[in-house]
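Taking it in order: structure first as C-alpha cells, then the write-up.
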Protein chains: 2
Amino acid sequence: MLKGRRIALVEDDEIMGASIEQRLRLEGADVVWVKLMQRAVGALRTPRAPIDAVVCDIRLPDGTGEDLFATLCRTATPPPFLFITGQGGIDQAVRLLQAGAADYVTKPFEMAGFLDRLAHLLRPKGEAVDQPFGQSSAARRIGVLVAQAAENDRPVLVRGGAGTGKALVARRIHHLSDRSAAPFAEANLSRADDPLAELDAAIAAVGDGTLFLNGLERLPPKGQDRLSVWLDSPPLARLVAACGAGMEAALRDGRFRGDLFFRLDLFEIPIPPLAERPEDAPWLLHRMFDAMNARREMPLRGISALAEQAVRDHDWPGNGRELRARLVQAMATATGDTLFPSDLFPERQTTAADRLPTLSEARDTAERTHILRALERTGGHVIEAAKLLGVSRTTLWEKMQKLGI
Amino acid sequence: MLKGRRIALVEDDEIMGASIEQRLRLEGADVVWVKLMQRAVGALRTPRAPIDAVVCDIRLPDGTGEDLFATLCRTATPPPFLFITGQGGIDQAVRLLQAGAADYVTKPFEMAGFLDRLAHLLRPKGEAVDQPFGQSSAARRIGVLVAQAAENDRPVLVRGGAGTGKALVARRIHHLSDRSAAPFAEANLSRADDPLAELDAAIAAVGDGTLFLNGLERLPPKGQDRLSVWLDSPPLARLVAACGAGMEAALRDGRFRGDLFFRLDLFEIPIPPLAERPEDAPWLLHRMFDAMNARREMPLRGISALAEQAVRDHDWPGNGRELRARLVQAMATATGDTLFPSDLFPERQTTAADRLPTLSEARDTAERTHILRALERTGGHVIEAAKLLGVSRTTLWEKMQKLGI
DNA sequence: TTCGGGCGTTCGGATTTCCGAACATCGCGG
DNA sequence: CCGCGATGTTCGGAAATCCGAACGCCCGAA
C-alpha cells in the first residue's frame, strides 16, 4: 500500500520512532526519520526526493510540530501532515486541522488503524507524465502554469535566467495547446546578428501557430514598434515571449517600452534558477543520464552517490544547460563504469596538490564574504546588517574584529 | 457582531441550551432552538429563512450530532457547524473536522471565546443586503453612504485607491436607486486611449440612467469643459464619478478645474484601502472563495487558518483587485485540497532574491560544501577527512549529522 | 575463532560563541 | 546646550560547540 512512497517521520522518541519506521519500511515505504524540528524544516523544505506525507510528533526537543507546520506553510505547500501526539488536547487538534493538517492521531494507537489513516491521506500517485520540469514544488507549479497557458490563447511571458529551459516551456505550451499542429516559429533575439530580420522571419513563418520570442529584452526599439503593430493587426498566431535577468534594467533604462511589456506580461511563468530548487538537479541528472546512456555504445553502470550529492550542492549558475554540458562531457571522458564527481567537475581536480583549508578557515572566509555582502547591501549600516544576518550587533562587531573588517 | 444572523441551536440540555440561546439573543442573533435530532433535520433542511450557522451538541436523545451532520451533507451543503460537547474525544473532533465541520468546542467553555469562534465561522451568504462591502465599521459606513446616495439624485464622488471597488460602489448606487431600470453607462477614463471619445460615448448611451465616470483625475481639460457644459444642460441622467490617489495632485497642478471638482464633490464616498481595515480582507477572501469554489470542477475543502492569517497581515497595495487576482491564481494552481499561504503568495517561495541568508545559514552551507569536498578527496574516509579539516572525528560526525550528509 | 580498525553513537567537561546589558563616544540637528 | 541615534567597547552568564574518552557494531585479516 505504501510501496514506493516517501514518508517523513518527525519523532524524537527513540522507541516510538523506531517502531513506526520499521513498520513503514515493512510496508515498502521510504522513510526519512528526523528527530529535531530544525532538521525537519531542512529535510522537508529541500528534500532529496519529494515527500508524500509527513508523520509528525508535536512535542520535540527544540520546538513543536505546530511550529514546524506553520514554518513550512509560509514558504511552500507542505505534504499532507499526520500529527501524532501523546498529550495533545482537543483544542490543539481543532487548531491544526483548521490550519490544514490532514489528520491527527493520539498515542498510543493501533498500528493497523494508523497505517490505514496514513494511506488514506496520500494523494493518488501517477502524475509523473505531466511533470517534465522537475520534482520540486516550484517545478510542479511550472507544469501547472504551462497547462493553464496551453488552455487559453493569451500572450505568455516566460521569465528565467540563462539555461533554465525557457524554450522548453514555450515548446511545451505550443505542444499542449490546440495549435500543436500549426507551426512553432522561434526568434532568438539574443543570439541573432540582426534581431529585426530574425523577428520578421519568424512572423513570416508562424502562420496560425505559436510565435516564440526568446531574449525579449534584446529586442531593439524598431523591433518593439514592429511587434506592437503586429499585435494590433491582430495576428492569427499566439505569442509566447521569454526574457531573462536583463529585462528589468531594460525597462528602467527605457530600452524597452513599458506599454508593450505590459501587453505581453498578461500571463507570467517564472522559472526559478536551479540553485533555488536543489532537489531538481539530481532529478534532471538522472533523466538526462538515462536518455543519453541508452544511446551509448558501452552503457555506464550508474552514478556515484557522491556525484549525486555534488550535483545537489553545486550552484549551477548556468542552470540546466550547464548540467547538460557537464553530463555530456562527463560521459564522454568517464574512465570507469560509474560517474564520479571528478567526471562531472573536472576543474576541481586541480586543487589536488595543495592542502585543503581547515574547516574553521573555510568557515571564516565564508563568514567574511557574507558579512561584507551584508554590509554592502546596507551601505555600511552595522545594525541593519546584523539584523539581516540574524545575529546581535555585538556578535557582528566581534566577528568583524576577529576577521579584520 | 451576530446582529441579524440566524443561528440554529441543537441542544437537548435545558440549562445549557437556555443559557446559550439567551446570550445569542443578547448579541442580536435570531436563534432557532431544537432539542431533537429529527426536528433538527427538518429545521435545517427546510428552514423558514436561511440559517447562517449551527451550534450543535453531539449527544442528543434520539441520535448524535454526527448523524445529523452526515444526514444533512448527503442532500445539501449545510451551514457552518460548530459542535459543542461535554465528553467528546480527539478522534471525534478529528473525524468531524475532516468531514467538514467548521469548529469543535468542549464544554464547559468561556462564553466570550465561544462567541468569537462562532462569529469567526459565519460566512457571508450570497448577496447579504446589509453588508455588501465588508464587515469592518468602515465597510458598513460605505454601505450606509451608498444607501443614502441611492435615495437622492445628487452627483456622487467615490474616492479610493486602485482596486478598492469604486465601480462596484457605483453599480450598487445605480442598482438601489429608482433609476435601476435605466441604463448604467460607464466611462473608464484611465484605461481609454481617447478619454474624450469615451466620455462622449457614455453620455450618448446613458439616457436617463446613471453615468459613471471612472478615473476622473485623468479627464483632459476639453473633457472637463464638456462635462461642465453637460452638467449645465441640465442632464436627465445622474452622475457618479470616481477618482483615485492622483486627484489631489491634479487639482494642485491645475490639470483639473477646481470649480468643476466642487460641483462633483457634493456627496463623497471615501473607500479606505484594505490595509486600513484588515478584518475585511479575510471576509472578502471567504466571499470570493465560496463563489469561485462553487463553480469549480473539483471543489477545494477550504482555506487553511494560516492562509487566513497571512491574508489579514498582508498589506494589499492592490486592494480587492489584488486579492481577487491572487485567489484566482491560487485556486488554479493549488496542489492540495486546502489553500495554503504559499498558494496565495507564491512569490514568497523565492526568498533568495531579497533576503540575504542568515550568517549561520551561510556558515552551514559553506561547511557543508567544504566537508563534502574533503570527503570526496579522501574517498569517503571519515577519519582522514577529519584530519584534513582539522577537527576531531566526533566533531565531523556531529556536523555531518546536523547538515544531513 | 580472535583481533584490530573503521565507524556510529553517547557523554561530560573545557572552550568558544552568542547575546543582552551596560557605558563611553561621536556626530547631528533642534 | 541637550537629546538622539548609531557606533565602539567591555563584561558576565547562557548556550553552543568541540573534544577526548568511551562503548558497541561490523567486517576483514590473521
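Convention: sequence-line order gives letters A, B, ...; per-chain numbering from 1. Since the structure is predicted, the reported quantities are computational estimates derived from the model, not experimental observations.
- In this structure, the CE atom of Met400(A) is 17 Å from the C1' atom of dT17(C), given to the nearest Å.
- A pairwise comparison of heavy atoms in Asn319(B) and Gly161(B) identifies ND2-C, 4.2 Å as the closest pair.
- The existence of a salt bridge linking Glu279(B) and Arg312(B) is excluded, since no basic side-chain nitrogen approaches an acidic carboxylate oxygen closer than 4.0 Å.
- To the nearest angstrom, C1' of dC19(C) lies 14 Å from CG of Leu359(B).
- Both Gln401(A) and Arg363(A) lie close to DNA chain D; mapped to their nearest nucleotides by heavy-atom distance, the more 5′-ward contact belongs to Gln401(A).
- Comparing atom distances between the Val391(B) side chain and each of dC18(C), dC19(D), dT7(D) picks out dC19(D) as nearest.
- Shortest non-hydrogen contact noted between Phe345(B) and Ala310(B) is CE1-CB, 3.8 Å.
- Taking atom CG of residue Leu389(A) and atom P of nucleotide dC19(C), one finds them 11 Å apart after rounding to whole Å.
- Between His314(A) and Trp316(A), the angle of the ring planes goes over 60°, which puts this pair in the perpendicular group of the 30/60° scheme.
- Atom CG in Asp364(A) sits about 15 Å away from atom P in dT17(D), given to the nearest Å.
- Residue Ser392(A) places at least one side-chain N or O under 4.0 Å from the OP1 or OP2 atom of dC19(C).
- Rounded to whole angstrom, the span from the CD atom of Glu398(A) across to the P atom of dG12(D) amounts to 14 Å.
- Look at Asp57(A) and Lys107(A) and you find a salt bridge, because one of the NZ, NE, NH1 or NH2 atoms lies within 4.0 Å of a carboxylate O, short of that distance.
- Here dG8(C) is the nucleotide among dC19(D), dT17(C), dG8(C) with the atom lying nearest to any side-chain atom of Val382(B).
- As rounded to whole Å, 14 Å separates atom C1' of dG6(C) from atom CG of Leu396(B).
- Taking atom NZ of Lys399(A) as the reference point, atom P of dT16(C) lies 14 Å away to the nearest angstrom.
- Distances shorter than 4.0 Å separate none of the side-chain N or O atoms of Trp397(B) from OP1 or OP2 on dC7(C).
- At the phosphate of dC19(D), neither OP1 nor OP2 sits under 4.0 Å from any side-chain N or O atom of Thr394(B).
- Among the nucleotides dT7(D), dG8(C), dC18(D), the one closest to any side-chain atom of Arg393(A) is dT7(D).
- Nearest to the side chain of His381(A), among dC7(C), dC18(D), dA6(D), sits dA6(D).
- Here the P atom of nucleotide dG6(C) and the CD1 atom of Ile383(B) are 5 Å apart, to the nearest Å.
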